[in-house]
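Working notes, structure below.
Just so it is clear: chains get the letters A, B, ... in the order the sequence lines come, proteins before strands, and each one is counted from 1.
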There are 2 protein chains.
Amino acid sequence: MAHALDKIDTQILSILQKDSNRTTKSIAEELGMTTSPVFERIKKLEKEGYIKKYVAVLDNKKIGLKLTVFIGITLQGHTRSYLEKFVTEINNFPEIVECHRVSGNYDYLLKLIVEDIEAYETFIISKLTLLPYLGNVQSLITLSTGKETNEIDLSRV
Amino acid sequence: MAHALDKIDTQILSILQKDSNRTTKSIAEELGMTTSPVFERIKKLEKEGYIKKYVAVLDNKKIGLKLTVFIGITLQGHTRSYLEKFVTEINNFPEIVECHRVSGNYDYLLKLIVEDIEAYETFIISKLTLLPYLGNVQSLITLSTGKETNEIDLSRV
DNA sequence: ATAAATTAAGAATAATATTCTGTATAGATT
DNA sequence: AATCTATACAGAATATTATTCTTAATTTAT
(Lines give C-alpha, C1' and ligand atoms only; values in the text may rest on other atoms or scores of the structure.)
Protein backbone atom coordinates (compact mmCIF):
# COMPACT_ATOMS: atom_id res chain seq x y z
CA MET A 1 0.00 0.00 0.00
CA ALA A 2 0.95 3.59 -0.49
CA HIS A 3 1.91 4.61 3.00
CA ALA A 4 3.13 3.10 6.16
CA LEU A 5 5.07 4.98 8.77
CA ASP A 6 8.80 4.58 8.70
CA LYS A 7 11.14 5.23 11.57
CA ILE A 8 11.57 8.90 10.74
CA ASP A 9 7.82 9.43 10.63
CA THR A 10 7.30 7.90 14.06
CA GLN A 11 10.17 9.94 15.41
CA ILE A 12 8.52 13.09 14.10
CA LEU A 13 5.17 12.09 15.55
CA SER A 14 6.81 11.30 18.84
CA ILE A 15 8.43 14.71 18.98
CA LEU A 16 5.29 16.60 17.98
CA GLN A 17 3.02 14.84 20.42
CA LYS A 18 5.33 16.03 23.17
CA ASP A 19 5.74 19.57 21.88
CA SER A 20 4.18 20.85 18.71
CA ASN A 21 5.94 24.19 18.92
CA ARG A 22 9.26 22.64 18.01
CA THR A 23 10.57 24.27 14.85
CA THR A 24 11.16 22.15 11.79
CA LYS A 25 14.78 23.21 12.00
CA SER A 26 15.18 21.90 15.53
CA ILE A 27 13.47 18.64 14.63
CA ALA A 28 15.61 18.34 11.53
CA GLU A 29 18.76 18.79 13.56
CA GLU A 30 17.69 16.15 16.06
CA LEU A 31 17.07 13.71 13.23
CA GLY A 32 20.15 14.69 11.24
CA MET A 33 18.42 16.08 8.21
CA THR A 34 17.49 19.40 6.69
CA THR A 35 14.24 21.27 7.13
CA SER A 36 12.56 20.56 3.83
CA PRO A 37 12.15 16.80 4.10
CA VAL A 38 10.99 17.19 7.68
CA PHE A 39 8.53 19.85 6.62
CA GLU A 40 7.19 17.69 3.83
CA ARG A 41 6.83 14.69 6.07
CA ILE A 42 4.91 16.71 8.63
CA LYS A 43 2.56 18.02 5.96
CA LYS A 44 2.04 14.50 4.73
CA LEU A 45 1.31 13.22 8.22
CA GLU A 46 -1.26 16.00 8.60
CA LYS A 47 -2.83 15.44 5.21
CA GLU A 48 -3.14 11.70 5.69
CA GLY A 49 -4.67 12.16 9.11
CA TYR A 50 -1.99 10.73 11.37
CA ILE A 51 -1.93 14.14 12.97
CA LYS A 52 -5.48 15.24 13.64
CA LYS A 53 -4.83 18.69 15.02
CA TYR A 54 -2.63 20.86 17.16
CA VAL A 55 -3.94 22.04 20.48
CA ALA A 56 -2.99 23.89 23.61
CA VAL A 57 -3.15 21.72 26.71
CA LEU A 58 -4.65 23.71 29.53
CA ASP A 59 -4.22 23.27 33.26
CA ASN A 60 -7.68 22.23 34.43
CA LYS A 61 -7.08 22.87 38.08
CA LYS A 62 -5.42 26.19 37.60
CA ILE A 63 -8.36 27.27 35.49
CA GLY A 64 -10.74 26.26 38.22
CA LEU A 65 -11.94 22.88 37.05
CA LYS A 66 -10.66 20.85 39.96
CA LEU A 67 -12.76 17.75 39.79
CA THR A 68 -12.55 14.79 37.43
CA VAL A 69 -15.22 12.12 37.69
CA PHE A 70 -15.74 8.90 35.82
CA ILE A 71 -19.30 7.73 35.54
CA GLY A 72 -20.30 4.19 34.74
CA ILE A 73 -23.76 3.97 33.28
CA THR A 74 -26.13 1.21 32.33
CA LEU A 75 -29.07 1.89 30.06
CA GLN A 76 -32.46 0.28 30.24
CA GLY A 77 -33.30 0.61 26.58
CA HIS A 78 -30.81 -0.57 24.02
CA THR A 79 -32.44 0.31 20.72
CA ARG A 80 -30.12 1.67 18.14
CA SER A 81 -31.94 4.97 17.83
CA TYR A 82 -31.85 5.51 21.56
CA LEU A 83 -28.15 4.79 21.83
CA GLU A 84 -27.53 7.30 19.09
CA LYS A 85 -29.65 9.90 20.80
CA PHE A 86 -27.85 9.26 24.05
CA VAL A 87 -24.46 9.90 22.49
CA THR A 88 -25.76 13.01 20.78
CA GLU A 89 -26.98 14.41 24.08
CA ILE A 90 -23.69 13.57 25.73
CA ASN A 91 -21.86 15.45 23.01
CA ASN A 92 -23.79 18.56 23.90
CA PHE A 93 -22.60 18.50 27.50
CA PRO A 94 -19.35 20.44 27.68
CA GLU A 95 -18.63 18.96 31.10
CA ILE A 96 -18.22 15.54 29.52
CA VAL A 97 -14.92 15.12 27.77
CA GLU A 98 -15.15 11.42 27.00
CA CYS A 99 -17.91 8.92 26.35
CA HIS A 100 -17.05 5.31 25.63
CA ARG A 101 -19.34 2.41 24.96
CA VAL A 102 -17.81 -0.45 26.88
CA SER A 103 -18.21 -4.09 27.59
CA GLY A 104 -18.07 -5.20 31.17
CA ASN A 105 -19.96 -3.86 34.14
CA TYR A 106 -21.33 -0.78 32.40
CA ASP A 107 -22.76 0.17 29.04
CA TYR A 108 -21.05 3.54 28.95
CA LEU A 109 -18.14 5.07 30.72
CA LEU A 110 -18.06 8.84 30.84
CA LYS A 111 -15.31 11.17 31.93
CA LEU A 112 -16.27 14.57 33.17
CA ILE A 113 -14.39 17.64 34.31
CA VAL A 114 -16.07 20.24 36.47
CA GLU A 115 -15.36 22.89 39.08
CA ASP A 116 -16.11 20.92 42.19
CA ILE A 117 -18.45 18.47 43.87
CA GLU A 118 -21.24 20.98 43.79
CA ALA A 119 -20.99 21.49 40.05
CA TYR A 120 -20.88 17.74 39.71
CA GLU A 121 -24.08 17.30 41.65
CA THR A 122 -25.74 20.01 39.61
CA PHE A 123 -24.72 18.23 36.45
CA ILE A 124 -26.12 14.91 37.64
CA ILE A 125 -29.40 16.37 38.79
CA SER A 126 -30.11 18.91 36.10
CA LYS A 127 -28.60 17.21 33.08
CA LEU A 128 -27.66 13.57 33.29
CA THR A 129 -30.64 12.16 35.13
CA LEU A 130 -33.00 13.89 32.73
CA LEU A 131 -31.95 11.47 30.03
CA PRO A 132 -34.50 8.70 29.50
CA TYR A 133 -33.85 4.97 29.83
CA LEU A 134 -31.11 5.64 32.31
CA GLY A 135 -30.36 2.60 34.44
CA ASN A 136 -27.66 2.37 37.03
CA VAL A 137 -25.25 5.29 37.51
CA GLN A 138 -22.03 4.81 39.40
CA SER A 139 -19.54 7.57 40.04
CA LEU A 140 -15.82 7.23 40.53
CA ILE A 141 -14.59 10.46 42.03
CA THR A 142 -10.97 11.17 41.29
CA LEU A 143 -8.97 11.78 44.45
CA SER A 144 -5.66 12.34 42.70
CA THR A 145 -4.20 11.73 39.29
CA GLY A 146 -0.92 9.85 39.03
CA LYS A 147 -0.61 10.00 35.27
CA GLU A 148 -2.42 11.82 32.52
CA THR A 149 -0.78 12.15 29.15
CA ASN A 150 -1.67 12.65 25.54
CA GLU A 151 1.37 10.70 24.40
CA ILE A 152 0.54 7.40 22.84
CA ASP A 153 3.07 4.62 22.61
CA LEU A 154 4.81 4.73 19.25
CA SER A 155 7.62 2.41 20.19
CA ARG A 156 6.09 -0.59 18.46
CA VAL A 157 4.17 0.81 15.51
CA MET B 1 -4.84 39.01 43.68
CA ALA B 2 -2.72 39.81 40.70
CA HIS B 3 -4.33 37.68 38.05
CA ALA B 4 -7.64 36.19 37.24
CA LEU B 5 -8.77 35.37 33.76
CA ASP B 6 -10.91 37.94 32.04
CA LYS B 7 -13.21 37.34 29.13
CA ILE B 8 -10.52 37.92 26.54
CA ASP B 9 -8.20 35.44 28.22
CA THR B 10 -10.80 32.70 28.25
CA GLN B 11 -11.62 33.43 24.64
CA ILE B 12 -7.97 33.02 23.75
CA LEU B 13 -7.72 29.79 25.72
CA SER B 14 -10.86 28.53 24.09
CA ILE B 15 -9.47 29.21 20.64
CA LEU B 16 -6.07 27.68 21.36
CA GLN B 17 -7.41 24.51 22.90
CA LYS B 18 -9.28 23.93 19.65
CA ASP B 19 -6.42 24.85 17.34
CA SER B 20 -3.06 26.02 18.53
CA ASN B 21 -1.83 26.75 15.03
CA ARG B 22 -4.05 29.79 14.75
CA THR B 23 -1.91 32.85 14.13
CA THR B 24 -1.98 35.69 16.59
CA LYS B 25 -3.20 37.85 13.76
CA SER B 26 -6.21 35.66 13.08
CA ILE B 27 -7.03 35.46 16.78
CA ALA B 28 -6.64 39.21 17.10
CA GLU B 29 -9.03 39.78 14.23
CA GLU B 30 -11.60 37.46 15.74
CA LEU B 31 -11.40 39.35 19.01
CA GLY B 32 -11.23 42.77 17.44
CA MET B 33 -7.77 43.74 18.60
CA THR B 34 -4.25 43.94 17.27
CA THR B 35 -1.61 41.27 17.49
CA SER B 36 0.54 42.66 20.26
CA PRO B 37 -1.92 42.48 23.15
CA VAL B 38 -3.00 39.04 22.01
CA PHE B 39 0.59 37.95 21.82
CA GLU B 40 1.33 39.32 25.25
CA ARG B 41 -1.71 37.66 26.75
CA ILE B 42 -0.76 34.32 25.27
CA LYS B 43 2.77 34.59 26.65
CA LYS B 44 1.33 35.47 30.02
CA LEU B 45 -1.05 32.52 29.95
CA GLU B 46 1.90 30.28 29.16
CA LYS B 47 4.17 31.76 31.80
CA GLU B 48 1.55 31.55 34.52
CA GLY B 49 0.78 27.95 33.63
CA TYR B 50 -2.75 28.20 32.32
CA ILE B 51 -1.36 26.76 29.11
CA LYS B 52 0.82 23.79 29.97
CA LYS B 53 2.07 22.90 26.51
CA TYR B 54 1.25 22.61 22.85
CA VAL B 55 0.91 19.18 21.34
CA ALA B 56 -0.03 17.35 18.19
CA VAL B 57 -3.08 15.15 18.62
CA LEU B 58 -2.51 11.88 16.83
CA ASP B 59 -5.05 9.46 15.41
CA ASN B 60 -4.61 6.37 17.58
CA LYS B 61 -6.47 4.03 15.31
CA LYS B 62 -4.83 5.22 12.16
CA ILE B 63 -1.47 4.70 13.79
CA GLY B 64 -2.40 1.16 14.72
CA LEU B 65 -3.44 1.52 18.34
CA LYS B 66 -7.02 0.41 17.96
CA LEU B 67 -7.95 -0.59 21.46
CA THR B 68 -8.76 1.55 24.48
CA VAL B 69 -9.33 -0.19 27.79
CA PHE B 70 -10.21 1.12 31.21
CA ILE B 71 -9.04 -0.97 34.11
CA GLY B 72 -10.46 -0.73 37.59
CA ILE B 73 -8.08 -1.97 40.22
CA THR B 74 -8.21 -2.59 43.93
CA LEU B 75 -5.05 -2.95 45.93
CA GLN B 76 -4.50 -5.22 48.90
CA GLY B 77 -1.88 -3.13 50.55
CA HIS B 78 -2.53 0.54 51.14
CA THR B 79 0.67 1.77 52.73
CA ARG B 80 1.81 5.10 51.48
CA SER B 81 5.11 3.82 50.15
CA TYR B 82 3.40 1.10 48.20
CA LEU B 83 0.89 3.45 46.63
CA GLU B 84 3.75 5.67 45.54
CA LYS B 85 5.64 2.74 44.09
CA PHE B 86 2.53 1.61 42.27
CA VAL B 87 2.09 4.99 40.60
CA THR B 88 5.76 5.10 39.70
CA GLU B 89 5.53 1.73 37.99
CA ILE B 90 2.40 2.80 36.17
CA ASN B 91 4.20 5.87 34.88
CA ASN B 92 6.79 3.63 33.27
CA PHE B 93 4.20 1.80 31.22
CA PRO B 94 3.75 3.67 27.93
CA GLU B 95 0.53 1.77 27.26
CA ILE B 96 -1.10 3.50 30.20
CA VAL B 97 -2.10 7.05 29.45
CA GLU B 98 -4.05 7.78 32.60
CA CYS B 99 -3.98 6.65 36.20
CA HIS B 100 -6.44 8.04 38.69
CA ARG B 101 -6.85 7.26 42.34
CA VAL B 102 -10.59 7.13 42.83
CA SER B 103 -13.22 6.66 45.45
CA GLY B 104 -15.97 4.20 44.75
CA ASN B 105 -15.72 0.63 43.58
CA TYR B 106 -12.02 0.72 42.78
CA ASP B 107 -8.84 2.15 44.20
CA TYR B 108 -7.40 3.07 40.83
CA LEU B 109 -8.82 3.59 37.41
CA LEU B 110 -6.38 3.22 34.52
CA LYS B 111 -6.80 4.06 30.88
CA LEU B 112 -4.70 2.21 28.41
CA ILE B 113 -4.22 2.36 24.65
CA VAL B 114 -2.80 -0.59 22.76
CA GLU B 115 -2.80 -2.26 19.36
CA ASP B 116 -5.43 -4.90 19.96
CA ILE B 117 -6.78 -7.48 22.36
CA GLU B 118 -3.64 -9.52 22.05
CA ALA B 119 -1.43 -6.64 23.04
CA TYR B 120 -3.79 -5.99 25.89
CA GLU B 121 -3.52 -9.53 27.18
CA THR B 122 0.23 -9.36 26.89
CA PHE B 123 0.24 -6.20 28.94
CA ILE B 124 -1.92 -7.72 31.65
CA ILE B 125 0.09 -10.90 31.90
CA SER B 126 3.60 -9.62 31.50
CA LYS B 127 3.34 -6.25 33.16
CA LEU B 128 0.32 -5.45 35.24
CA THR B 129 -0.11 -8.67 37.16
CA LEU B 130 3.54 -8.64 38.13
CA LEU B 131 2.86 -5.73 40.45
CA PRO B 132 2.58 -6.82 44.08
CA TYR B 133 -0.44 -6.28 46.32
CA LEU B 134 -2.73 -6.33 43.35
CA GLY B 135 -6.30 -7.13 44.32
CA ASN B 136 -9.22 -7.19 42.00
CA VAL B 137 -8.74 -6.19 38.35
CA GLN B 138 -11.72 -5.38 36.19
CA SER B 139 -11.47 -4.42 32.54
CA LEU B 140 -13.84 -2.26 30.58
CA ILE B 141 -13.11 -2.83 26.93
CA THR B 142 -14.07 0.10 24.73
CA LEU B 143 -16.37 -0.94 21.92
CA SER B 144 -16.75 2.50 20.42
CA THR B 145 -16.05 6.04 21.47
CA GLY B 146 -18.83 8.60 21.18
CA LYS B 147 -16.85 11.56 22.42
CA GLU B 148 -13.22 12.22 23.18
CA THR B 149 -12.02 15.77 23.40
CA ASN B 150 -9.28 17.79 24.98
CA GLU B 151 -11.51 20.83 25.22
CA ILE B 152 -12.45 21.71 28.73
CA ASP B 153 -15.47 23.83 29.49
CA LEU B 154 -14.46 27.45 29.84
CA SER B 155 -17.95 28.86 29.65
CA ARG B 156 -18.25 29.36 33.37
CA VAL B 157 -14.75 30.13 34.59
C1' DA C 1 19.80 -1.46 -17.03
C1' DT C 2 16.86 2.24 -17.56
C1' DA C 3 12.93 5.13 -16.68
C1' DA C 4 9.80 6.92 -13.28
C1' DA C 5 8.86 8.33 -8.92
C1' DT C 6 10.44 9.53 -4.18
C1' DT C 7 13.24 11.82 -1.15
C1' DA C 8 16.53 14.96 0.16
C1' DA C 9 19.54 19.30 0.12
C1' DG C 10 20.13 24.06 -0.26
C1' DA C 11 18.72 28.50 -1.55
C1' DA C 12 15.02 31.95 -2.05
C1' DT C 13 10.68 33.87 -0.50
C1' DA C 14 6.63 34.67 2.24
C1' DA C 15 4.40 34.61 6.48
C1' DT C 16 4.48 34.93 11.23
C1' DA C 17 6.29 35.63 15.70
C1' DT C 18 8.51 38.82 18.51
C1' DT C 19 10.21 43.20 19.98
C1' DC C 20 9.94 48.08 20.51
C1' DT C 21 8.04 52.74 21.07
C1' DG C 22 4.59 55.72 22.07
C1' DT C 23 -0.30 56.49 23.70
C1' DA C 24 -4.33 55.80 26.19
C1' DT C 25 -6.78 53.94 30.07
C1' DA C 26 -7.95 52.48 34.76
C1' DG C 27 -6.89 52.49 39.64
C1' DA C 28 -4.57 54.20 43.55
C1' DT C 29 -2.83 57.93 46.38
C1' DT C 30 -2.77 62.33 48.22
C1' DA D 1 -10.29 66.32 42.02
C1' DA D 2 -5.30 66.06 40.39
C1' DT D 3 -1.45 63.43 39.83
C1' DC D 4 1.04 59.36 39.76
C1' DT D 5 1.64 54.52 38.52
C1' DA D 6 0.79 50.47 36.39
C1' DT D 7 -1.39 48.11 32.74
C1' DA D 8 -3.17 47.38 28.18
C1' DC D 9 -3.24 48.65 23.56
C1' DA D 10 -1.96 50.17 18.67
C1' DG D 11 1.14 50.39 15.07
C1' DA D 12 5.55 49.95 13.12
C1' DA D 13 10.08 47.55 12.83
C1' DT D 14 12.76 43.36 13.14
C1' DA D 15 13.91 38.55 13.63
C1' DT D 16 12.47 33.79 13.01
C1' DT D 17 10.28 30.47 10.99
C1' DA D 18 7.41 28.35 7.70
C1' DT D 19 6.89 27.48 3.00
C1' DT D 20 8.12 27.17 -1.75
C1' DC D 21 11.20 26.21 -5.46
C1' DT D 22 15.00 24.12 -8.01
C1' DT D 23 18.16 20.63 -8.46
C1' DA D 24 20.56 16.40 -7.21
C1' DA D 25 20.44 11.87 -5.36
C1' DT D 26 18.23 7.71 -4.30
C1' DT D 27 15.05 4.25 -4.61
C1' DT D 28 11.51 1.44 -7.05
C1' DA D 29 9.46 -0.65 -10.80
C1' DT D 30 9.70 -2.37 -15.42
inquiry  = With a 4.0 Å limit, can you tell me whether B:Lys43 has a side-chain N or O closer than that to the phosphate oxygens OP1/OP2 of C:dT19?
reply    =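 It does not, given that no N or O in the side chain of B:Lys43 lies less than 4.0 Å from OP1 or OP2 of C:dT19.
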
Charged N to carboxylate O below 4.0 Å: is that the case for [X] and [Y]?
X	Y	value
B:Arg22	B:Glu30	yes
B:Glu95	A:Arg156	yes
B:Asp59	A:Lys53	no
B:Glu148	A:Lys111	no

[X] [atom1] to [N] [atom2]: how many Å, rounded?
X	N	atom1	atom2	answer
B:Asp6	C:dA26	CG	P	14 Å
B:Ile42	D:dC9	CD1	C1'	15 Å
B:Ile12	C:dA17	CD1	C1'	15 Å
B:Lys44	C:dT19	NZ	P	16 Å
A:Glu40	D:dA25	CD	P	17 Å
B:Arg41	C:dT19	CZ	P	18 Å

ask   = Among residues 18-37 of chain A, which contact DNA chain C at a heavy-atom distance under 4.0 Å?
value =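 Within this stretch, A:Met33, A:Thr34, A:Ser36, A:Pro37 sit under 4.0 Å of the strand.
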
inquiry  = Is it the case that the side chains of B:Tyr54 and B:Glu46 hold a donor-acceptor pair, with the cut-off being a distance below 3.5 Å and no angle test?
reply    =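 A pair is found: one side chain offers a donor N or O, the other an acceptor, under 3.5 Å apart.
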
query = Among D:dA8, C:dT7, C:dT18, which is the nearest nucleotide to the side chain of B:Phe39?
reply =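 Comparing D:dA8, C:dT7, C:dT18 against the side chain of B:Phe39, the answer is C:dT18.
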
message = Parallel, tilted or perpendicular: which one describes the rings of A:Phe123 and A:Phe93, with boundaries at 30° and 60°?
response =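 A:Phe123 and A:Phe93: perpendicular rings.
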
